Amino acid sequence: MLDIKFMREYPDLVQEAMVKLNAPDAPVAEALALDRRRRELLQEVETLRAERKAVSKKIGHTKDPAQRQALIETTRSWGDQLAGLEEALRTVETQFREAMLRIPNLPDPKVPVGKDEHENVVVKTWGERRHFNFPIVPHWELGEELDIIDIRRGVKLSGSRFYVLKGLGARLQRALINWMLDVHIQEHGYVEILPPVLVRSAALVGTGNLPKFAENLYHDAEEDLWLIPTAEVPVTNLYREEILPPDSLPIYHVAYTPCFRREKAAAGKDTRGIKRVHQFDKVEMVKFVEPEQSDAELMRLLDNAEDIARRLQLPYRVVQMCTGDLSFTAAIKYDVELWAPGSEEWLEVSSVSNFKDFQARRANIRYRPAAGAPTRFVHTLNGSGLALPRVMIAILENYQEPDGSVIVPEVLRPYMGGIDSIC
RNA sequence: GGAGGGAUGGCCGAGUGGACGAAGGCGGCGGUCUUGAAAACCGCUGUGGCGUUGAGCCACCGGGGGUUCGAAUCCCUCUCCCUCCGCCA
């Protein structure tokens, strides 16, 4: 959520930002109009309330029954009048909040202006792409040959875009989860969280998934609970409606969770293999920091994500999103993409974002810089570290051998009981 | 699933229609006293909105709605917690 005071003061800047974001339907003008109406009503309501309060107090002190009755008579009609105004105010406030929740975050000035993903900027490329002197096999074939990925039975169980990991495939994924968590905990300074994967609506509003993106989420209507699309949701909302005491920041959390996405809009796209599925595992890093630190923290977070790719010796690149491809909540965002030689494409395995105070305002996460000081909104950031099915794809395709086997990356071997090859 | 009880400020806890943004205690901060500390005593000690630029006003006693001239207090509803019974592990 944007700061309404900033919007009032610089409406043109906000409108221009919406153009850059390619978000012409963002209800900025509507929110500003509702804000004006809201404040008008608020003043009327408060004036009337103050009067009523004063007279009611007087009634309490008046002993003479006749005088008392007279005062009650004069104020009797105020109740209805106030009720009408309060009703109007409530309506306007609800509409105002609805509008505010549908306005995206403002892009950081450092974000390149562009209209869609074609204008994203590759800011870094790391590692040598391996030269293969034999026919490269895509991961879905490798997975089937090695009997470690069973797409057919996944579909039988749950429908399209579901899959089953088996044997060393399951073990490789489990090794990746444990290893990645350990790297972030032991070497990057994160504290592990194992959160619920079902959350209330309020949590999703906090991170910006609701109200705008409900169609991407699985929802249990009976209990009104939602399956999380990413650990970002429960972990960021850990401190919802809290004021963090002095010296709490920065907070670094890392969480492994399954993630659930309906991917409704993408039917027919990326249907082969396990690149785009409804349920996948992910290790996610989330930071809560002081506003002055968030720029630097973003770069460290990005490096923490890259570090996983480097340690796995997987070639990757870092792409900076242009304004037109920025997510709803991010002020600035980088993707880490692994090279997948089998499908000959870069696979997004991490999305590293600084949300500044956008999520903190929605979720009302504040901190007190010092004892007695006024509260401030924290800055939140997150990044995958990393998303698993795609790391699995990259490992299988990059580490494949002519005989159809797959070498296990060195760092994972201690997590696989010393196994160095899947065959 | 059934029956009952409960939610008050950082914490404990009083308050069942008007003098209550809320007693009292604890904790915290400041001061007096002291060489220093402790004790004692005194004072202060929530969040936000509108407006001003530090006048003032308004809201908040789990959330939302209602009754009333007036609600922490009465009614409805939701959420959460506790106790007992049942069920499942």
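The structure presented is a predicted model; accordingly, all values stated were derived computationally and were not measured. Letters A, B, ... are given to chains in the order of the sequence lines, protein chains preceding strands, and every chain is numbered from 1.
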Presence of A:R200 side-chain N/O under 4.0 Å of B:C80 phosphate oxygens OP1/OP2: yes
Using the P atoms only, state how far B:G10 lies from B:G62, rounded to an integer number of Å. 13 Å
Is A:L71 touching bases, backbone alone, or none of the nucleic acid, heavy atoms closer than 4.0 Å? nothing
For A:A394, does its backbone N or O pair with a side-chain atom of A:N398 as donor and acceptor, under 3.5 Å? yes
Check: A:E306 and A:Y334 side chains under 4.5 Å, non-hydrogen atoms: no
Under-4.0 Å side-chain N/O to phosphate OP1/OP2 contact, A:R68 with B:C69: no
I'd like to know if the side chain of A:Y316 pairs up with that of A:R310 as donor and acceptor (distance under 3.5 Å, no hydrogens or angles considered). yes
Under the 3.5 angstrom rule, does the side chain of A:E119 hit a backbone N or O of A:K115 as a donor-acceptor pair? yes
Can you tell me the distance, in whole Å, between the CG atom of A:L42 and the P atom of B:C60? 13 Å
Do any N or O atoms of the protein come closer than 3.5 Å to N or O atoms of nucleotides 45-48 of chain B, and which pairs are they?
residue, atom, partner, partner atom, Å
B:U47, OP1, A:R368, NH1, 2.7
B:U47, OP1, A:R368, NH2, 2.7
B:U47, O3', A:R366, NH1, 2.9
B:G48, OP1, A:R366, NH1, 2.7
B:G48, OP1, A:T375, OG1, 2.4

Can a donor-acceptor pair be found between the side chains of A:T207 and A:E232 at a distance below 3.5 Å? no
Want to settle it: does A:T47 or A:W78 sit nearer the 5' end of RNA chain B, counting the closest nucleotide to each? A:T47
Phosphate OP1/OP2 of B:C69: any A:R76 side-chain N/O under 4.0 Å: yes
Could you tell me whether the phosphate oxygens of B:C50, OP1 or OP2, come under 4.0 Å of any side-chain nitrogen or oxygen in A:R8? yes
For A:L48 and B:C57, what is the distance between atoms CG and C1' respectively, to the nearest whole Å? 13 Å
P spacing across the pair B:A37 / B:G28, given as an integer number of angstrom: 16 Å
Under a plain distance cut-off of 3.5 Å, with no hydrogens placed, do A:Y252 and A:E297 share a side-chain donor-acceptor pair? yes
Figure out the CZ/C1' separation between A:R49 and B:G51, and round it to whole Å. 15 Å
For B:G51 versus B:C44, give the span between their P atoms, rounded off to a whole number of Å. 31 Å
Span that lies between the P atom of B:C12 and that of B:A39, in whole angstrom: 24 Å
Rounding to a whole Å, what distance do you find between A:L41:CG and B:G49:P? 18 Å
Over how many whole Å does the gap from A:E40 atom CD to B:G51 atom C1' extend? 15 Å
Hey, is CD on A:E187 packed in by over 12 heavy atoms from elsewhere, all under 6.0 Å? yes
Nearest to the side chain of A:K5, heavy atoms from C-beta on, is which of B:C50, B:A59, B:G18? B:C50
Report the stems of RNA chain B as range-with-range entries sorted by first number; a stem here is at least three consecutive pairs, Watson-Crick or G-U wobble, both distances under 3.5 Å, and write none if there are none. B:1-7 with B:79-85, B:10-12 with B:24-26, B:27-32 with B:40-45, B:46-50 with B:56-60, B:62-66 with B:74-78
What class does the angle between the rings of A:F6 and A:Y10 fall in, given that below 30° is parallel, 30 to 60° is tilted and above 60° is perpendicular? tilted
Under 4.0 Å from any atom of RNA chain B, heavy atoms only: list the residues of residues 83-90 of chain A that qualify, in numerical order. A:R90
Taking only the C1' atom of each, what is the distance from B:G65 to B:A71 in whole angstrom? 14 Å
Phosphate OP1/OP2 of B:A59 contacted by A:K53 side-chain N/O (<4.0 Å): yes
What nucleotide among B:G49, B:C58, B:C69 has an atom nearest to a side-chain atom of A:T75? B:C69
Got more than 12 heavy atoms from elsewhere within 6.0 Å of CG, A:D25? yes
Is there a donor-acceptor contact under 3.5 Å linking the side chains of A:Y218 and A:R262? no
Between B:A72 and B:C84 - C1' atom distance, rounded Å: 30 Å
Measure from CG on A:N364 to C1' on B:G49 and round the result to the nearest Å. 13 Å
Please give, in whole Å, the distance from B:C58 C1' to A:L82 CG? 11 Å
Does A:R90 pair with A:E93 as a salt bridge, N-O distance under 4.0 Å? no
Determine yes or no for a side-chain-to-main-chain donor-acceptor pair under 3.5 angstrom, with A:R362 supplying the side chain and A:V205 the backbone. yes
Any side-chain N or O of A:R52 under 4.0 Å from OP1/OP2 of B:G70? yes
With rounding to whole Å, what would you report as the distance between B:U73 and B:G15 at their C1' atoms? 8 Å
Nearest-nucleotide pick for A:K57, side chain only, options being B:G21, B:A59, B:C69: B:G21
In whole angstrom, give me the gap between the C1' atoms of B:A19 and B:G56. 22 Å
In whole angstroms, the gap separating C1' of B:U67 from CD1 of A:I72 amounts to 15 Å
Side chain to side chain donor-acceptor pair (under 3.5 Å) between A:K282 and A:T230, intermediate numbers included: CA-CA 8 Å; A:K282 184 156 67 64; A:T230 159; 2.8 Å; yes
Main-chain N/O of A:L249 paired to A:E290 side chain as donor or acceptor, under 3.5 Å: no
